[in-house]
Structure formats: structure tokens, C-alpha cells
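Everything on this sheet refers to the single structure shown next.
Predicted model, so just to flag it, every value in this text is computed and none were measured.
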Amino acid sequence: MALLADVLSRVKPSATIVMTQKARDLKASGVDVISLSVGEPDFDTPDHIKQAAIEAIHRNETRYPPVSGIVPLREAIVRKFKRENGLDYKLSQTIVGTGGKQVLYNAFLATLNPGDEVVIPRPYWVSYPEMVGLCGGTPVFADTDMEHGFKLQAEELDRVLTPKTKWIVLNSPSNPSGAAYTRDEMKALTDVLLRYPDVHILTDDIYEHLTYGDFAFVTPAQVEPQLIERTLTMNGVSKGYAMTGWRIGYAAGPEKLIKAMDFVQGQQTSGASTIAQWAAVAALDGPQDHLAKFRAAFQGRRDLVVSMLNQTNGLTCPTPEGAFYVYPSCAALIGKTTEAGKTIETDEDFVTELLQAEGVAAVHGSAFGLGPNLRISYATSNAVLEEACRRIQRFCGSLR
């Protein structure tokens with residue numbers, strides 16, 4: 001009898017984690033590496049949030065929490081959804097998890113049966129299809145393209161929905177492309193979903209606060225209130241509040257679903273860290289002025305990277321609306337040869353050779369379901385980004 005479960009053979013490791021670890025290993029060996037592979041803000045957690053955690057420790061808020069989250073945080077979540085998204089939820093319709101990833105996983109685990117399909121637009125965050133597979137469901141991919149800004153079109157959504165579809169996953173702004181849906185673009189999708197009453201919507205809004213210019217963020221249940229009873233709206237504090245290591249995600253949705261997720265979580269973690277939860281209360285209820293600083297910095301970095309990549313031989317880089325990623329195409333470089341004699345046959349070859357030749361770590365687009373592209377995170381300083389882009393330009397210019 002084999003020790004390991006068969007399902008593990010059908011699940012791929014996270015490409016972003018793999019590439020980030022490769023960069024760490026090279027750096028540890030003395031190589032000058034610039035890592036543009038990690039999806040993490042380079043800013044520190046705002047001081048008032050850290051102070052709230054310190055005060056929680058001094059108040060001895062160190063006991064087991066309620067499985068669904070401490071009441072003050074769930075109340076703050078209700079206020080947040082009302083204040084920022086115009087969504088009305090009761091306390092019993094909210095849940096807190098150990099990061100947004102656990103919230104998503106619990107939703108799939110609580111709802112998927114063998115044969116159930118989950119529609120995932122590509123490019124997608126690498127964990128979506130793997131979570132679906134681990135929970136017994138079948139990922140079904142909906143295509144997007146650069147021409148439409150990597151945004152799912154209504155006709156394609158209509159094409160992939162079937163009687164087996166249980167969920168559609170929408171991530172705006174997107175990891176990996178940075179694409180975000182306008183109200184009209186989202187309305188086109190919700191109009192389709194109104195015609196499929198058995199399909200549920202799982203919306204990953206983790207990058208909500210990181211949109212640029214005059215772009216206005218919207219979430220599906222906000223655009224079409226008739227969908228609120230079959231929508232799970234997930235969010236968290238990791239990106240907009242620079243709290244990746246605090247591991248707090250949250251969601252609101254139908255009470256029946258939230259109860260099922262609570263049941264699952266009760267047999268997993270028994271709830272997220274109480275100290276981190278009190279910090280999250282301060283994040284949601286406290287001053288929000290750091291967000292303008294974050295957005296201004298990220299927008300400047302985005303513009304720098306897009307400009308330099310579009311001046312690079314063989315790369316084409318659209319300008320994303322949000323998050324902190326760009327998703328350039330390297331299609332024009334497929335078939336080229338490096339100075340070391342290696343033929344670039346895939347986007348994975350491209351990022352592998354880029355790392356070896358110039359010490360720049362990016363993630364190949366095929367890992368996100370759509371290539372030949374690469375994902376570059378611009379969550380680092382302008383100086384580092386300029387140097388990284390110069391190295392990318394040098395590498396691309398050397399290909400023959």
C-alpha cells in the first residue's frame with residue numbers, strides 16, 4: 001500500500017514558489033540575483049496595525065479564537081463591505097481564515113463533489129486549479145487574450161458554462177496579469193451569470209486597493225445585487241495593508257455556505273491567530289492614508305517597467321489596471337538562441353535562461369495557463385526595477 005495519496009500526483013507545485021526558491025538558492029551561492037517572482041509588497045505593515053497587535057498581546061488576547069473569527073473582526077468586515085462595496089452582510093455571513101488561500105480552499109472543500117466543474121479564466125493564479133483538483137472538482141479553463149487585456153469576455157463565459165459548473169472564479173485585479181474589470185465589463189459577465197442560476201461566483205478581491213489612475217474597482221455582487229446569494233466575496237489584508245505574513249483572509253457570502261466553511265475549518269486550524277486578527281481589525285477600521293502612498297509608488301513602478309519592457313527587443317507588455325504584476329509576451333523570441341547555444345523553445349526556457357544569464361527571476365506564463373508570456377512583479381524599488389529591466393533588455397538583445 002502506497003503511503004502518499006494518489007491525488008498528489010495530479011497536483012503541480014506552485015511555480016511562483018519554485019522560482020522564488022531558485023532565486024534564493026542562487027543568491028545564497030553568491031550569485032547577484034534580482035527576484036521579480038514573488039507576489040509580496042515590499043512595504044512594511046503600517047505602524048498603527050503593528051501597535052494593535054502589541055496591545056492585543058498585552059491584553060492577553062492569546063486564547064483559541066472562535067472558528068469563524070473574533071467578533072470585532074467580523075464586525076469590521078461587515079462595515080468594510082458596506083463602506084467600500086455597498087454590500088450588506090450579517091455577522092453570520094462572514095468568516096475569517098488563515099490567509100485568503102485557506103478561505104478559497106475551504107469553499108471548494110465544502111462544496112465540490114466529483115464531476116463538479118469550476119470555470120477558471122486563464123491566465124490564472126497558480127493555486128486555483130490545484131485547489132479544485134485537491135478538493136475533487138474539475139477545473140475548466142476559459143480563454144482570454146492580450147487583445148482584450150486578458151479579461152474574460154461574455155461570449156467565452158457563456159461557451160464554457162455547463163450543467164456541471166458549480167463555480168466561476170473571478171480575480172480582479174488579476175494575479176498574474178494585473179487586469180481589472182470596469183463596471184461595464186463586469187456587468188457583461190454578471191448578465192451571463194444571471195442566466196445560469198445554479199452557478200456560484202467566487203470572487204477573489206485581494207488586490208482591490210491596488211488600482212491605478214482613475215480606475216474604479218467593482219466586485220460582482222456590487223454590480224449585480226441579484227447574485228449576492230450565490231456569491232462568495234473573498235478579500236484579505238495581505239496586499240493592500242502589507243500584511244502577507246500575518247495570514248488573515250476573510251469572506252462574506254450565503255449563510256449556508258459560511259456555516260459549511262466554518263465546519264471544515266473547525267477540523268483544520270480551529271481559526272486564525274487571535275493576535276493577527278486584532279491587527280486586522282485595526283487595518284480595516286483604522287487610518288487608510290497609507291493606501292494612497294502604496295498606489296502612487298506602485299503606479300510609478302508599473303509605468304517604469306511597462307515602458308522599459310516595451311523598449312526591449314521581442315517583448316510586448318500591456319499596461320495593467322491594478323495589482324503589482326505585468327504579463328509581457330515573449331512570443332517573438334520563441335525559436336531564438338542564447339549566446340550559450342540554448343534554443344528558447346518555451347516561455348519556461350526563456351525565464352530559465354534569463355535567470356542563468358542575467359540573474360533575473362521571473363515566472364513563465366505557461367504556469368499560469370497562458371503563454372508564451374512571463375509574469376514580472378514590480379513590488380520592489382525603482383532602482384532595482386531599472387537594473388532588472390536593463391538586464392532583461394541585454395538578455396533579449398543577445399538572442400539570435
Side-chain angles (χ1 to χ4, degrees), residues 12-43 123 125-126 175-178 244-245 297-298 300-318 320 323-368 370-400:
K12 300 188 293 291
S14 167
T16 55
I17 293 175
V18 169
M19 184 56 74
T20 300
Q21 189 58 49
K22 282 184 178 180
R24 287 173 179 157
D25 292 343
L26 280 174
K27 186 174 286 189
S29 69
V31 177
D32 178 18
V33 173
I34 298 175
S35 180
L36 305 180
S37 59
V38 66
E40 182 172 43
D42 59 323
F43 299 109
W125 180 44
V126 293
N175 176 4
S177 70
T244 50
F298 281 133
R301 296 169 181 183
R302 178 201 66 173
D303 295 344
L304 167 67
V305 171
V306 168
S307 175
M308 291 190 72
L309 292 181
N310 279 325
Q311 297 172 52
T312 301
N313 179 54
L315 295 185
T316 303
C317 186
F324 38 70
Y325 312 104
V326 291
Y327 201 65
S329 169
C330 59
L333 298 174
I334 301 301
K336 301 287 187 180
T337 303
T338 69
E339 291 180 327
K342 169 70 177 180
T343 299
I344 304 294
E345 297 179 352
T346 65
D347 52 14
E348 186 170 6
D349 288 342
F350 180 91
V351 299
T352 299
E353 294 305 311
L354 174 64
L355 179 59
Q356 292 296 326
E358 293 288 352
V360 176
V363 187
H364 50 291
S366 55
F368 303 98
L370 183 67
N373 293 73
L374 57 149
R375 190 196 76 171
I376 290 174
S377 168
Y378 52 85
T380 189
S381 71
N382 283 31
V384 170
L385 292 171
E386 285 185 22
E387 174 60 20
C389 288
R390 280 194 291 268
R391 295 186 189 187
I392 294 171
Q393 289 176 341
R394 187 166 59 219
F395 174 72
C396 292
S398 72
L399 298 177
R400 295 293 180 264

Find the distance between [atom1] ([X]) and [atom2] ([Y]) and round it off to the nearest 0.5 Å.
{"X": "Leu304", "Y": "Tyr378", "atom1": "CG", "atom2": "OH", "answer": "11.0 Å"}
{"X": "Glu348", "Y": "Glu353", "atom1": "CD", "atom2": "CD", "answer": "11.0 Å"}
{"X": "Ser35", "Y": "Gln21", "atom1": "OG", "atom2": "CD", "answer": "10.5 Å"}
{"X": "Leu315", "Y": "Cys396", "atom1": "CG", "atom2": "SG", "answer": "4.0 Å"}
{"X": "Leu399", "Y": "Thr337", "atom1": "CG", "atom2": "OG1", "answer": "8.0 Å"}
{"X": "Ile34", "Y": "Asp32", "atom1": "CD1", "atom2": "CG", "answer": "6.0 Å"}

**Side-chain H-bond candidate by donor/acceptor type, Glu40 with Thr244, under 3.5 Å** =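 Checked: Glu40/Thr244 side chains pair up, N/O donor to acceptor below 3.5 Å.
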
Whether [X] side chain and [Y] backbone form a donor-acceptor pair below 3.5 Å:
{"X": "Thr338", "Y": "Ala340", "answer": "yes"}
{"X": "Ser377", "Y": "Leu36", "answer": "no"}
{"X": "Asn313", "Y": "Gly397", "answer": "no"}
{"X": "Tyr327", "Y": "Asn373", "answer": "no"}
{"X": "Asn310", "Y": "Cys317", "answer": "yes"}

I want to check something: taking the side chain as every heavy atom from C-beta on, are [X] and [Y] in contact at a cut-off of under 4.5 Å?
{"X": "Pro328", "Y": "Leu374", "result": "yes"}
{"X": "Arg375", "Y": "Asn175", "result": "yes"}
{"X": "Ser366", "Y": "Thr346", "result": "no"}
{"X": "Ile376", "Y": "Leu309", "result": "yes"}

Residues that [X] engages under side chain to side chain donor-acceptor pair (under 3.5 Å), provided they are two or more places apart:
{"X": "Asp303", "answer": "none"}
{"X": "Asp42", "answer": "Arg301"}
{"X": "Thr312", "answer": "none"}
{"X": "Ser307", "answer": "Gln311"}

Identify the heavy atoms of [X] and [Y] that sit nearest to each other, and give their distance.
{"X": "Leu370", "Y": "Pro123", "answer": "CD2-CD, 3.4 Å"}
{"X": "Ala367", "Y": "Val363", "answer": "CB-CG1, 4.4 Å"}
{"X": "Gly39", "Y": "Tyr325", "answer": "CA-OH, 3.2 Å"}

**Request:** Not counting sequence neighbours, list each pair that qualifies as a ring pair (Phe, Tyr, Trp, His ring centres under 6.0 Å) and has a residue in residues 21-41.
**Result:** none

Restricting to side chain to side chain contact (heavy atoms under 4.5 Å, CB included), what partner residues turn up for [X], sequence neighbours left out?
{"X": "Val33", "result": "Ala23, Leu26, Lys27, Val31, Leu355"}
{"X": "Pro372", "result": "Cys330, Ala331, Ile334, Asp347"}
{"X": "Ala332", "result": "none"}

**Request:** Under the ring pair (Phe, Tyr, Trp, His ring centres under 6.0 Å) rule, collect the residues that match up with Phe350, sequence neighbours excluded.
**Result:**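 Result, ring pair (Phe, Tyr, Trp, His ring centres under 6.0 Å) vs Phe350: Phe395.
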
**Message:** Phe324: which residues meet the ring pair (Phe, Tyr, Trp, His ring centres under 6.0 Å) condition with it, sequence neighbours left out?
**Reply:**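 Checked Phe324 against ring pair (Phe, Tyr, Trp, His ring centres under 6.0 Å); matches are Tyr207, Phe298.
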
**Message:** Within the supplied structure, the quantity of interest is the number of heavy atoms (other residues, nucleotides, ligands) at a distance under 6.0 Å from Glu386 CD; does it exceed 12?
**Reply:**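 Counting neighbours around CD of Glu386, more than 12 heavy atoms of other residues, nucleotides or ligands fall under 6.0 Å, so yes.
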
**Request:** Could you give me the CA-CA distance, side-chain angles and deciding distance for Gln393 and Met308, then say whether side chain to side chain contact (heavy atoms under 4.5 Å, CB included) is met?
**Result:** CA-CA 8 Å; Gln393 289 176 341; Met308 291 190 72; 4.0 Å; yes

**Request:** Could you pull out all residues at least two apart from Glu358 that satisfy salt bridge (charged side-chain N to carboxylate O under 4.0 Å, His left out)?
**Result:**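 Expected list: Arg394.
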
**Asked** Residues two or more places apart in sequence or in another chain: which of them pass salt bridge (charged side-chain N to carboxylate O under 4.0 Å, His left out) with Glu387?
**Response** Arg390, Arg391

